[in-house]
Amino acid sequence: MRIPLIAGNWKMNNLIHQGVELVLKLRELTKGVNEVEIVVAPPFTSLYHLKFLLAGSPIKLAAQNLFWEKSGAYTGEVSAGMLKDVGCEYVIIGHSERRQYFHETEDAVNKKLLAAIGAGIKPIVCVGETLEERESGKTLEIVKFHVEKALTGKTGLAQGAIKDLTIAYEPVWAIGTGVNATPEEAEEVHNYIRELLFELFETNHAKDVRIIYGGSVKPSNIDSLMAQPNIDGALVGGACLKAEDFARIVKFQRA
Ligand code: PEP
């Protein structure tokens with residue numbers, strides 16, 4: 001059974017006091033929700049403070065990035081162990097903004113994934129095509145490339161290690177644009193990713209991997225997205241910055 005996962009990616013938004021305000025509201029608005037896993041991914045600067053605020057609450061903490069080495073002379077980087085230390089249960093890896101602005105490669109995504117798993121942090125790995133790739137009919141090819149490289153890469157992932165993995169299908173053209181993939185478009189890709197996982201891993205492990213959708217998710221489209229059999233949750237950007245909107249997404253209604 002896959003428990004739905006709704007994660008909010010704050011990106012580079014919110015000073016500490018703003019994050020505190022958002023999380024306090026969110027805690028209140030999502031009281032009593034226990035059949036959905038709720039995750040917030042604030043900037044690094046807020047993690048320590050929010051760890052204490054979220055203690056005893058079902059809302060979990062994620063980081064938006066990590067570096068794969070354990071420690072050392074890597075100015076500006078943060079390791080998986082440090083994320084664990086500051087209370088992160090999840091980490092987002094390979095977001096398209098990191099691939100675009102920070103030149104994150106497939107190899108880097110693979111190393112980050114392995115480092116996260118090695119430190120006991122659950123990775124949310126982002127994959128997805130650009131508009132140009134979709135328009136030239138390459139969506140499934142790109143997604144296959146991203147998934148295979150992230151999971152098998154140079155150093156393969158052990159069978160059992162995928163139990164804590166989440167894959168976020170995030171078509172790049174849908175991120176921050178207000179235009180989401182239709183539930184049918186998303187389902188086609190999610191179903192394809194599920195089949196890929198069955199090819200790469202044993203069925204009893206692959207069936208439990210959550211595949212969540214990201215790209216202009218909002219209160220008005222979450223219900224129809226979650227009605228699809230292979231959509232196990234959402235990675236939410238813009239709409240997670242408003243507690244009311246994010247709470248409504250968390251409280252999606254299955255059609
Ligand atoms: C994201 O950044 O992961 C995202 C899905 O953003 P938005 O919801 O704003 O499209």
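Index from 1, following the sequence. Whatever order the structure lists them in is the order used to number ligands and atoms, beginning at 1.
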- prompt: Would you call the rings of Y169 and H190 parallel, tilted or perpendicular if under 30° counts as parallel and over 60° as perpendicular?
  reply: perpendicular

> Going by atom types alone, do Y213 and E185 pair a side-chain donor with an acceptor below 3.5 Å?
Replying inline: no

Checklist entry - Are I6 and V33 connected, step by step, through hydrophobic side chains (Ile, Leu, Val, Met, Phe, Trp, Tyr) whose heavy atoms are closer than 4.5 Å? => result yes

The residue among N65, I124, L66 that forms side-chain contact (heavy atoms from CB on, under 4.5 Å) with I93 is L66

With the criterion set at N/O pairs under 3.5 Å, what does the list of contacts between the protein and ligand 1 look like, atom names and distances included?
unit_1, atom_1, unit_2, atom_2, d
ligand 1, 2 (O), K11, NZ, 2.5
ligand 1, 2 (O), H95, NE2, 2.8
ligand 1, 3 (O), H95, NE2, 2.9
ligand 1, 3 (O), E170, OE1, 3.1
ligand 1, 3 (O), E170, OE2, 2.7
ligand 1, 6 (O), K11, NZ, 3.4
ligand 1, 8 (O), G237, N, 2.8
ligand 1, 9 (O), G238, N, 2.8
ligand 1, 10 (O), G176, N, 2.7
ligand 1, 10 (O), S216, N, 2.7

* Will you find, in the side chains of W173 and E132, an N or O donor that is under 3.5 Å from an N or O acceptor? -> no

_Flag for D223-Q253: side-chain donor and acceptor within less than 3.5 Å_ = no

